[in-house]
K.L.:
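Let me begin by handing over the structure; questions about it come next.
The structure presented is a predicted model; accordingly, all values stated were derived computationally and were not measured. Naming convention: chains lettered A, B, ... in sequence-line order (proteins, then strands); numbering from 1 in each chain.
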2 protein chains.
Amino acid sequence: MKPPNPKASPRKTRGPKAQKVDTALLLDAAQRVFSASGIKGASIRAIAREAGCDPALIYYHFESKEAMFLALLDRKLPPLAQDLEFIAEASNLEPTYLRLWKISRVYRRHFSRDTGFRAVLRGQIVSGTEGAKEAIARHIQRAARCNWAIIEQGIQRGDLRPDLNPRMTGFFLVRMFMEIFDLVPAFSERITQMPGEQALVATERAWFELFWRGVAVPPVSALPADLFSVE
Amino acid sequence: MKPPNPKASPRKTRGPKAQKVDTALLLDAAQRVFSASGIKGASIRAIAREAGCDPALIYYHFESKEAMFLALLDRKLPPLAQDLEFIAEASNLEPTYLRLWKISRVYRRHFSRDTGFRAVLRGQIVSGTEGAKEAIARHIQRAARCNWAIIEQGIQRGDLRPDLNPRMTGFFLVRMFMEIFDLVPAFSERITQMPGEQALVATERAWFELFWRGVAVPPVSALPADLFSVE
DNA sequence: TCTCCATTTCAACAACTGTTGAATAGTGTG
DNA sequence: CACACTATTCAACAGTTGTTGAAATGGAGA
């Protein structure tokens with residue numbers, strides 16, 4: 001039995017009836033490969049394999065891997081910022097603790113399925129090209145401004161300590177939620193002695209309670225029992 | 001003018017009088033390359049170039065890149081755990097706030113120069129091989145146990161809230177310091193509107209104050225003014 | 001019909017990679 | 001002296017990579 005003749009494999013058609021690959025599918029594939037292998041460790045061919053297309057197509061749609069990474073940011077971060085802007089409207093008269101909790105729900109909605117990607121983002125923040133750092137900073141700034149505004153309003157309304165630095169406080173609130181989304185799934189048994197999703201929920205609550213005690217006026221103002229059911 | 005004849009380059013000597021490269025130097029080089037490029041993106045040849053040796057030497061000393069990564073953990077994390085074990089001794093009668101602050105000083109001492117490496121560690125926690133995850137978990141567990149013990153002792157001494165989960169609380173305390181070490185240098189102007197080192201110090205203090213308010217009994221028990229000078 | 005355009009694939013090239021076995025160079029021991 | 005051992009380099013191989021230009025394919029419009 002002779003082995004299959006490689007020259008006999010059917011040639012894929014090109015042009016309009018070729019396998020259609022839109023850029024969203026390419027970006028999804030890139031995200032998966034970046035998450036598994038880092039940006040440098042993610043080869044164009046691995047991304048193409050993941051997307052089920054020819055590597056040259058990536059060059060047709062994007063200039064480089066970095067351009068793909070930036071496109072992923074451009075796809076992901078503006079909707080997050082929009083959701084935050086909604087909460088941060090000055091006309092929003094919801095209680096401050098509720099607004100802060102809703103911030104965390106926004107981050108959870110937009111990031112909870114991006115486990116490996118966040119390590120990649122951090123790597124780029126710390127060791128990436130200036131272009132990447134600048135783009136990340138720009139996007140994060142837009143989201144962060146909303147968080148600062150909510151905290152400032154909380155201070156003005158007398159709900160939060162007047163000595164708080166809104167930028168730092170926003171950083172603490174958000175970064176800890178991101179840590180929780182990243183690490184608790186991997187380490188749930190060790191951190192909480194509870195399994196999976198239960199661990200995540202319990203840790204989020206414990207964090208928000210600690211945070212609230214740390215920032216609230218008067219000290220230890222109570223959080224209502226149904227807060228944590230708000231999605 | 002003819003170009004230099006590549007065959008005429010001097011051959012490097014081998015054997016005992018060859019350029020001496022000990023494994024510490026290899027690991028330093030690996031850490032730098034891992035930090036810049038991730039583990040997958042770090043080629044053996046790049047590490048060898050960074051170390052100034054032949055790539056085959058890496059195979060002489062280590063089985064693989066992963067083995068190098070694990071050796072880096074083995075080098076770095078036990079001294080950290082040892083320092084924490086010293087603070088966590090049950091006979092240590094220092095005030096609880098001081099012991100918690102000292103925890104942060106230990107992490108600062110051992111990790112403050114490893115900026116890119118922490119993203120690599122996180123990537124391995126989330127997406128690494130089972131071997132890497134297990135090794136990381138083992139090391140982190142040893143350190144984390146000290147943190148839990150200190151928090152438990154704080155609860156027993158009536159300094160900390162009795163409803164705190166020591167594991168979660170330890171996680172919050174430490175992870176936020178790690179976030180601060182990683183991200184504040186990169187984003188100091190945006191987070192604090194202060195430059196570099198000043199931003200780091202100010203953010204650490206703000207975090208510890210918030211944390212302390214969140215965990216202390218009675219609420220808002222005061223931290224002494226000279227705490228933050230403790231290194 | 002022909003031309004243009006958009007999209008996708010093919011093919012190829014130079015460079016890089018991981019890895020291996022052999023060679024080299026000393027030292028110590030019997 | 002010969003041999004064994006250690007540490008380092010050289011050379012080579014097969015495989016993978018990034019990237020590019022050309023080719024193929026269909027649809028739309030003149």
K.L.:
Figure out the CZ/C1' separation between B:R45 and D:dA14, and round it to whole Å.
P.N.:
12 Å
K.L.:
Give the rounded distance in Å between these two atoms: CE of B:M68 and P of C:dG18.
P.N.:
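Atom CE in B:M68 sits about 12 Å away from atom P in C:dG18.
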K.L.:
In this structure, how many angstroms lie between the C1' atom of D:dT20 and the CG atom of A:D54, rounded?
P.N.:
12 Å
K.L.:
What's the verdict on side-chain contact (heavy atoms from CB on, under 4.5 Å) for B:I103 and B:F177, showing C-alpha distance, side-chain angles and the deciding distance?
P.N.:
CA-CA 10 Å; B:I103 289 175; B:F177 275 110; over 6 Å; no
K.L.:
Return the 5'-most residue of the pair B:K40, A:Q19 with respect to DNA chain C, ranking by each residue's nearest nucleotide.
P.N.:
A:Q19
K.L.:
Please determine if a side-chain N or O atom of B:K20 lies less than 4.0 Å away from the OP1 or OP2 oxygen of D:dA7.
P.N.:
no
K.L.:
Counting only heavy atoms and a strict 4.0 angstrom limit, can you tell me which residues of residues 21-38 of chain B come near DNA chain C?
P.N.:
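Under 4.0 Å from DNA chain C: no residue of residues 21-38 of chain B.
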K.L.:
Whole-Å distance between D:dT20 P and A:Y60 OH?
P.N.:
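Distance check: A:Y60 OH to D:dT20 P gives 16 Å.
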K.L.:
Would B:R105 pass as a cation-pi partner of B:W101, given that its NZ or CZ must be under 6.0 Å from the six-membered ring centre and within 45 degrees of the axis?
P.N.:
yes
K.L.:
What heavy-atom pair brings B:L80 and B:V106 nearest, and what distance separates the two atoms?
P.N.:
CD1-CG1, 3.5 Å
K.L.:
Surrounding CZ of B:F228 (heavy atoms of other residues, nucleotides or ligands, distance under 6.0 Å), is the total greater than 12?
P.N.:
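Yes.
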K.L.:
Any side-chain heavy atom of A:T169 sitting closer than 4.5 Å to one from A:W148?
P.N.:
no
K.L.:
Taking C-beta and beyond as the side chain, do B:I125 and B:K133 meet within less than 4.5 Å on heavy atoms?
P.N.:
no
K.L.:
Counting neighbours of CD on A:E85 that are heavy atoms of other residues, nucleotides or ligands and sit closer than 6.0 Å, is the number greater than 12?
P.N.:
yes
K.L.:
Please report, rounded to the nearest Å, how far the C1' atom of D:dG15 is from the CZ atom of A:R49.
P.N.:
12 Å
K.L.:
Any idea which of C:dC10, D:dT8, C:dT17 is nearest the A:K12 side chain?
P.N.:
C:dC10
K.L.:
For each nucleotide in nucleotides 23-30 of chain C, reading 5' to 3', give B when a protein heavy atom comes within less than 4.0 Å of its base, S when such contact involves only the sugar-phosphate, and - otherwise.
P.N.:
BBBB----
K.L.:
Atom CD1 of B:I44 and atom P of D:dT9: how far apart are they, to the nearest Å?
P.N.:
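Rounded to whole Å, this separation is 15 Å.
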K.L.:
Would you say B:F172 and A:E179 make side-chain contact, with heavy atoms under 4.5 Å?
P.N.:
no
K.L.:
With nearest nucleotides of DNA chain C determined for A:H61 and B:K65 from heavy-atom distances, which residue corresponds to the more 5′ nucleotide?
P.N.:
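Comparing both residues, the 5'-ward one is A:H61.
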K.L.:
Rounded to whole angstroms, how far apart are CD1 on A:I47 and P on D:dT19?
P.N.:
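That distance rounds to 11 Å.
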K.L.:
Could you check whether B:R205 makes a cation-pi contact with B:W207, meaning its NZ or CZ is under 6.0 Å from the centre of the six-membered ring and within 45° of the ring axis?
P.N.:
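Here B:R205 fails the 6.0 Å and 45° test against B:W207.
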